[in-house]
Amino acid sequence: MGRFDEVYKRSMEDPDGFWAEAAEDIAWYKKWDKVLDDSNPPFYKWFPGAECNTCYNAVDRHVEDGRGEQAAIIYDSPITGTGRTITYAELQDETARFAGVLSGLGVAKGDRVIIYMPMVPETAVAMLACARIGAIHSVVFGGFAPTELATRITDSKPKAIVTASCGIEPSRIIEYGPIVKEAMEISSHDVGSVVMLQREQCRSDLSGPKIHDWTDAMASAIPADCVPVKATDPLYILYTSGTTGAPKGVVRDNGGHMVALKWSMKNIYDVDPGEVYWAASDVGWVVGHSYIVYAPLLHGCTTVLFEGKPVGTPDAGVFWRVISDHKVCTMFTAPTAFRAIKREDPAAKLLKQYDLSNFRTLFLAGERTDPDTLHWAEDNLKVPVIDHWWQTETGWSIGANCIGIEKLPVKPGSPTRAVPGYDVQILEPDGAEAPCGQMGAICVKMPLPPSGLPTLWNADQRYINSYMADFPGYYMTGDAGYMDEDGYIFVMARTDDIINVAGHRLSTGAIEEVLAEHPDVAECAVIGVADQLKGQLPLGFLVLNLGVDQEVGDIVGDSVRLVRDKIGAVAAFRTAVVVDRLPKTRSGKILRGTMSCIADGTDYKAPATIEEPVVLDEIGVALRTVGYAQE
Ligand code: COA
Ligand code: AMP
């Protein structure tokens, strides 16, 4: 039996022993009464009775252990032409002071704080400061519009919002002040205070009794110490797309999260304390939470916080420049970023200008790594390229090649095998295990290992309905795929209406809800269509009300603007077609999957229950007008 098999087997046969051992790497104020409380399924609790502090483990502990002068965060911002290195000692000081700012504003253990910030070190400081005082942060990605921010304010009821004057995109500066103001007006919840970090690229003129300037507040703050919280207390809420317009508030605990993330740094990524680790994502996504902020810091690494894009800031060589400048050993990003680089510099000429001798491994996630991208990265970087699969709900990999345990052969198109702790099974609709090679719903037998979501914020029933209802006793990932004879997982599609646009998870249902608000739209559908750069793009179908006298082009333009205004630029919704009717089954279900196949030119079989097969031909014609469904 290989080393990986041995470790995996132990995690299945003795999960308590396995995770108790991993938990020894974390500093606890008080040890657990029990490793796992399984008395109230599906609400499992890891390390009940234990007390800890995530900020202490990520920051203070390293200062006490002699890492005070080591870089904790390297901020590299090609978009502003600036950068800064923050040592662990400096991070401790800034975090303690910002924790003091929050405490001074009345934020206490269990209170929520929304963080709506760009990729600057203060974002990590704000997150860690919340953890320090036991407040629960909820980071909202900067590409979301005011309505989406408002939904999160209403649901999480924050005592404070931490924001900055602007975010910077290559094409424009996004003023956050007006977005936050509008979101607070839309939301029914009364936010106590707003802390605003002024950036020199665009200062915000927001003023008022509730608004506090970051720099002024920090100057007079009394540093706050780490407070013990329960291992089972929430560290954060991260909203992610669900099957309806209302996002799901994924809850992450303190104890289990630390244990799993710390374990993953050596066993999955094969990184040691003191090394430089770079996740080129955004703190607004789970990858940013786990692998820009928490895991590398828990492990005593240096984390790179990159404010830029893979191309255009200034060119397709910026990833290599960052790896070389900061001696990065391991990088993690989304395949779409590599497709963007490959498109601009197919022969990877820019790579030759940089010394990548410290670079050991590239990890990719967020979407399936297509074999083309995998081979291009392998051929040019000449290091192992590892696809790994995970979700907001788990906070770390479900499927990966755990190179710190044993590097298994790479099979293109597969994120390799189930990670220790995850009992992954492919289930048929009746709940039976699917035979090898046969597609089914990818599920994990409960309980999820540490860091898995204990529930959804204030929505226990939705947690059950979303993840457990179809296959009791299992967590349904929402992904469909198969497992081969070697136990390799192949993640092929979603079983719900989620699409993956440039590694971002979007709900087509949420876009449909916005389109349906247009006064001239009688009915609509949104599907994901294949895109060479972003993996998928959303595409809308609009059925107009009878007697509409507006120009069709205007209605399409309005609908595109509406989605941008209500969901945000991140939805990348740019195309809609007007059709007379939508293809449906006799029971009225819209055939979105079939429409996607027509758009992508892949084989499909119209379901026997289709109401009027001819509608599919009409859809093909409409799609050709916008460049899809080519014959
Ligand atoms: N704040 C505000 N707006 C943002 C934003 C942010 N943080 N991030 C993206 N946007 C905007 C973009 O400016 C763009 O707006 P536009 O319609 O005016 O051009 C829109 O949202 C879509 O952005 P994006 O999907 O990022 O597309 P892009 O064309 O700007 O860049 C890539 C394409 C591939 C370079 C880019 O998507 C990328 O770097 N992806 C990496 C993905 C990633 O890190 N995923 C996280 C999971 S690991
Ligand atoms: P998110 O919660 O935003 O991280 O998105 C999680 C979803 O992204 C998963 O459920 C998958 O659909 C998709 N995904 C993430 N990583 C991979 C991967 N390596 N291979 C295939 N799909 C992936």
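Atoms within a ligand are numbered from 1 in the order they appear, just like the ligands themselves. Nothing here was measured: the structure is a model prediction, and the numbers come from that model.
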Item checked: Proximal atoms of ligand 1 relative to S281 (non-hydrogen, under 4.0 Å) -> 44 (O), 46 (C), 47 (C), 48 (S)

Checklist line | Check ion pair K407-D270 (N to O, under 4.0 angstrom) | finding: no

Checklist line | Aromatic contact, W389 with Y422 (centres under 6.0 Å) | finding: no

Margin query: Counting non-hydrogen protein atoms only, what is the nearest one to atom 21 (C) of ligand 2? Give residue, atom name and distance.
Written below: R368 N, 3.2 Å

Check: Ion pair present between D345 and K349, side-chain N to carboxylate O less than 4.0 angstrom?
Finding: no

Next item on the list: May I ask you to identify, for W285, whether its side chain, its backbone, both or neither come under 4.0 Å of ligand 2 on a heavy-atom basis?
Entry: neither

Check: Closest non-hydrogen protein atom to atom 34 (C) of ligand 1, residue and atom name please, with distance?
Finding: T336 OG1, 3.4 Å

Notebook entry, point to check: Which residue, M258, R252, E393, forms the side-chain contact (heavy atoms from CB on, under 4.5 Å) with S451?
Noted result: R252

Next item on the list: Do me a favour and list the nearest non-hydrogen protein atom to atom 14 (C) of ligand 1 with residue, atom name and distance?
Entry: A569 CB, 4.3 Å

Note to self: Give me the nearest non-hydrogen protein atom to atom 12 (O) of ligand 2 as residue plus atom name, then the distance to 0.1 Å.
What the structure shows: D479 OD1, 2.6 Å

Check: When you measure from atom 19 (O) of ligand 1 to every protein heavy atom, which one gives the shortest distance, and what is it?
Finding: R574 NH2, 3.6 Å

Check: Does T333 reach ligand 1 with a nitrogen or oxygen that is under 3.5 Å from one of the ligand's nitrogen or oxygen atoms?
Finding: no

Checklist line | atom 48 (S) of ligand 1: the protein heavy-atom neighbour that sits closest, reported with distance to 0.1 Å | finding: V287 CG2, 3.7 Å

Notebook entry, point to check: Atom OH of Y488 and atom CZ of R417: how far apart are they, to the nearest 0.5 Å?
Noted result: 7.0 Å

Note to self: Starting from atom 6 (C) of ligand 2, what is the nearest protein heavy atom, named by residue and atom, and what distance separates them?
What the structure shows: W390 O, 3.5 Å

Checklist line | From the candidates Q391, E367, R494, the one that places a heavy atom nearest atom 23 (C) of ligand 2 | finding: E367

Notebook entry, point to check: Between R505 and ligand 2, is there a nitrogen or oxygen pair with a distance under 3.5 Å?
Noted result: yes

Next item on the list: Specify the protein heavy atom at minimum distance from atom 2 (C) of ligand 1: its residue, its atom name, and the distance to 0.1 Å.
Entry: I174 CD1, 3.2 Å

Checklist line | Option with minimal heavy-atom separation from atom 44 (O) of ligand 1, where the choices are P170, A280, G503, A337 | finding: A280

Note to self: Heavy-atom distances under 4.0 Å decide this one: backbone, side chain, both or neither, for N500 against ligand 2?
What the structure shows: side chain

Check: To which protein heavy atom is atom 26 (O) of ligand 1 closest, and what is the distance rounded to 0.1 Å?
Finding: K309 NZ, 3.7 Å

Item checked: Test side-chain hydrogen bond (donor to acceptor under 3.5 Å, both in side chains) applied to Y269 and H299, H388, R360, the passing residue -> H388

Notebook entry, point to check: Can you tell me if T495 uses its side chain to pair, donor with acceptor, with the backbone of G478 under 3.5 Å?
Noted result: yes

Margin query: As an exercise, identify every atom of ligand 2 less than 4.0 angstrom from a heavy atom of V491.
Written below: 21 (C), 22 (N)

Check: Does ligand 1 have any atom that is closer than 4.0 Å to a heavy atom of G366?
Finding: no

Notebook entry, point to check: Please state which protein non-hydrogen atom is closest to atom 28 (P) of ligand 1 and give its distance, to 0.1 Å?
Noted result: K534 NZ, 3.8 Å

Check: Where on V286 is there a heavy atom closer than 4.0 Å to ligand 2, on the side chain, on the backbone, on both, or on neither?
Finding: side chain

Margin query: Going by the closest heavy atom to atom 18 (O) of ligand 1, which one wins out of E169, R564, R343?
Written below: R564

Check: Can you check whether S171 has an N/O within less than 3.5 Å of an N/O in ligand 1?
Finding: no

Next item on the list: Identify which of T392, T240, T416 has a heavy atom lying nearest to atom 1 (P) of ligand 2.
Entry: T392

Notebook entry, point to check: What class does the angle between the rings of W285 and H504 fall in, given that below 30° is parallel, 30 to 60° is tilted and above 60° is perpendicular?
Noted result: parallel

Checklist line | Residue, atom name and distance, where the atom is the protein heavy atom closest to atom 37 (O) of ligand 1 | finding: A502 CB, 3.4 Å

Notebook entry, point to check: Is there at least one pair of N or O atoms, one from T477 and one from ligand 2, spaced under 3.5 Å apart?
Noted result: no

Note to self: Heavy-atom distances under 4.0 Å decide this one: backbone, side chain, both or neither, for D387 against ligand 2?
What the structure shows: side chain

Next item on the list: Measure from atom 8 (N) of ligand 1 to every heavy atom in F573, F141, F144 and give the option owning the shortest one.
Entry: F141

Next item on the list: Can you sort out which atoms of ligand 1 are near G142, meaning under 4.0 Å from one of its heavy atoms?
Entry: 1 (N), 2 (C), 6 (C)

Check: Taking the six-membered ring of Y116, is NZ or CZ of R152 closer than 6.0 Å to its centre and within 45° of its axis?
Finding: no

Check: Closest non-hydrogen protein atom to atom 15 (C) of ligand 2, residue and atom name please, with distance?
Finding: G366 C, 3.3 Å

Check: Does atom CD of Q201 have more than 12 heavy-atom neighbours from other groups under 6.0 Å away?
Finding: yes

